[in-house]
Structures are given as C-alpha cells and as structure tokens.
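Heads up: the structure comes next, in structure tokens.
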Amino acid sequence: APAPTTVAASPAVCGDGQVTASQEACDDGNTVGSDGCSPVCQVEAGWSCAVPPNETASVCHNGTLWGNNSYVEYRVGSLPIILVASQGGTLAPDSIPDRNATAHPEIATADHGRTQDIARFISDKLVSLTGQAPHLVVNHLKRIKLDANREVEEAALGDPSAELAWAEYHGFLEMAG
C-alpha cells in the first residue's frame, strides 16, 4: 500500500502583509519594530492591531483614532469586546442640517444623554479588572445631526458630512470586530 501523504501548512512569513492567525498576532507588511507590530509579528506593548475589512495587513495604533472633524472616535482595545455609544453626542455643527422630525416623522431625534458616560464607565471598569481595554466606538454628533444606528439614508438624510461620519462610525465598528 502506498504511504499516506501529509501536507504541511505553509509557514507564516512575517512582514509579508498577510496575517496568519495561528502563527502571527499581526503583520503590517514590514519587519520594523516600534510601529505596533514587532519584527517577529507580535503586537508590541501599548499597541493594538486589527485587520480592516477587505484588507490582509494589520493596522496598528497606540491610542485613539478619530474620524474627520472628530465627529467619531475609536479607542482601540485588546479585549474581544466592543462597546458602542451611537448616541449621546454633544456636537451640533451648523454645517450639518438638523434631521427634521416634522418633515420626516419617521425619524427619532431625542438624545440618550448618558450613553457615552455609561460606555466609558464600563470600559474603565474592564481595564481595572483585566488590565486590558475593550474597543470603544463613539459618535460625538447629537442625534438631531446623525443617528448612527439607522441605515445611512435615515441616519444622515442625504447630508454628505453626516454620511461620512456614519461611514466612519461603521468602519470603526468593522475594524474593532
């Protein structure tokens, strides 16, 4: 009888921009240290790395990412937990028109003011309990400007700046996941 053949999985090549999950914690396309992903493709202390949707290479950050105009915030975490605060924002720029409930009775514009406080409180508690942070995505726009939990048509009512903030918010959620 012929001898059984075995096929070995190809080894990861650190620095090729292709994360091999079983062998690499990150791969940012280089073997340079101090950029979040070490020369041996491990996440460096104080950094977090994630692979954005439809990408193969890691993007590493050592803090908070902000969308345009600081309307959306993403605090990169290391725990497999994502906290979101889609409402409770305080920004109401005049450049984004109000979502008018009179003209569009199907929309809600009442804010839930403590959402961000609660998300940050939970995040801080998780850090104190585990020493690691969850991912935190926050919409800083008032709900009258953007309702990030809705489909983009209802969320932004066609305003390009609100649509961009909506896309950034959902893009950060994808990165966190």
Side-chain angles (χ1 to χ4, degrees), residues 19 21 25-26 28 35-37 42-55 57-101 104 106-177:
V19 176
C26 58
D28 58 0
D35 64 353
C37 189
Q42 298 302 307
V43 178
E44 296 174 316
W47 290 76
S48 295
C49 300
V51 179
N54 304 317
E55 299 290 333
S58 300
V59 175
C60 300
H61 304 281
N62 63 349
T64 302
L65 302 175
W66 292 92
N68 286 339
N69 300 306
S70 299
Y71 295 157
V72 182
E73 171 188 2
Y74 171 30
R75 287 194 338 195
V76 180
S78 54
L79 287 173
I81 297 171
I82 304 168
L83 299 174
V84 298
S86 62
Q87 298 175 12
T90 58
L91 300 178
D94 291 336
S95 60
I96 298 176
D98 290 351
R99 297 168 60 249
N100 187 326
H104 300 276
E106 72 280 5
I107 68 168
T109 58
D111 269 318
H112 300 287
R114 302 274 335 259
T115 308
Q116 292 182 20
D117 294 337
I118 293 167
R120 290 181 195 285
F121 175 81
I122 293 169
S123 176
D124 292 345
K125 284 295 179 190
L126 285 168
V127 170
S128 70
L129 290 170
T130 68
Q132 296 183 64
H135 298 271
L136 175 64
V137 180
V138 177
N139 167 34
H140 288 280
L141 288 169
K142 285 183 155 283
R143 192 174 185 195
I144 200 161
K145 301 295 183 175
L146 176 69
D147 190 348
N149 326 344
R150 308 287 179 196
E151 293 298 322
V152 68
E153 296 81 15
E154 184 179 341
L157 293 181
D159 179 74
S161 294
E163 288 178 351
L164 176 59
W166 183 93
E168 291 168 343
Y169 177 84
H170 288 273
F172 287 153
L173 288 175
E174 288 289 322
M175 285 180 70

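- Judged as a side-chain hydrogen bond (donor to acceptor under 3.5 Å, both in side chains), and not counting sequence neighbours, the contacts of Gln132 are Ser78.
- For Glu44, there are no side-chain hydrogen bond (donor to acceptor under 3.5 Å, both in side chains) partners two or more places apart in sequence or in a different chain.
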Original post:
How far apart are the C-alpha atoms of Met175 and Val76, what are their side-chain angles, what is the distance that settles it, and do they pass the side-chain contact (heavy atoms from CB on, under 4.5 Å) test?
Top reply: CA-CA 9 Å; Met175 285 180 70; Val76 180; over 6 Å; no
Original post:
Which is it for Gln116 and Gln87 under the side-chain contact (heavy atoms from CB on, under 4.5 Å) test, yes or no, and what are the steps along the way?
Top reply: CA-CA 7 Å; Gln116 292 182 20; Gln87 298 175 12; over 6 Å; no
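- Closest heavy-atom contact between Val43 and Cys49: CG2-SG, 4.0 Å.
- With contacts defined as side-chain heavy-atom distances shorter than 4.5 Å, the pair Val138/Arg120 qualifies.
- Using a 4.5 Å heavy-atom cutoff, the side chains of Ile81 and Leu126 are in contact.
- Contact check for Leu141 versus Pro93: side-chain heavy atoms found under the 4.5 Å cut-off.
- Atom CG of Leu146 and atom OH of Tyr71 lie 10.5 Å apart (nearest 0.5 Å).
- Across every non-hydrogen atom of Ser123 and Arg75, the tightest pair is OG-NH2, 3.1 Å.
- By the 4.0 Å N-to-carboxylate-O rule, Arg114 lies close enough to Asp117 to be salt-bridged with it.
- A donor atom on one side chain and an acceptor atom on the other are found under 3.5 Å apart for Asn149 and Ser86.
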**OP:** Go through the steps to decide whether Glu73 and Tyr169 satisfy the test side-chain contact (heavy atoms from CB on, under 4.5 Å), and finish with yes or no.
**Re:** CA-CA 8 Å; Glu73 171 188 2; Tyr169 177 84; over 6 Å; no
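- Atom OG1 of Thr90 sits about 7.5 Å away from atom NZ of Lys142, to the nearest 0.5 Å.
- Residues meeting the ring-ring contact (aromatic ring centres under 6.0 Å, His included) test with Phe172, sequence neighbours left out: Tyr74.
- In this structure, the side chain of His140 does not engage the main chain of Gly89 through any donor-acceptor pair within 3.5 Å.
- Among pairs with a residue in residues 127-140, none fulfils salt bridge (charged side-chain N to carboxylate O under 4.0 Å, His left out), at least two apart in sequence or across chains.
- Residue pairs satisfying the side chain to side chain donor-acceptor pair (under 3.5 Å) criterion with at least one member in residues 157-166, sequence neighbours excluded, are listed as follows: Trp166-His170.
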**OP:** Could you please spell out the steps behind the side-chain contact (heavy atoms from CB on, under 4.5 Å) verdict for Arg143 and Arg99?
**Re:** CA-CA 8 Å; Arg143 192 174 185 195; Arg99 297 168 60 249; 4.2 Å; yes
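- Under the rule for a side-chain hydrogen bond (donor to acceptor under 3.5 Å, both in side chains), the partners of Asp98 that lie at least two apart in sequence or sit in another chain are Lys145.
- Nearest heavy atom pair, residue Val127 against residue Pro134, reads CG2-CD, 4.4 Å.
- The two atoms that bring Gly67 and Glu168 nearest to each other are CA-OE1, 3.4 Å, heavy atoms only.
- Cysteine sulfur proximity is satisfied for Cys37 and Cys26, their SG distance being under 2.5 angstrom.
- The CG atom of Asp147 lies 9.5 Å from the CG atom of Leu157; values are rounded to the nearest 0.5 Å.
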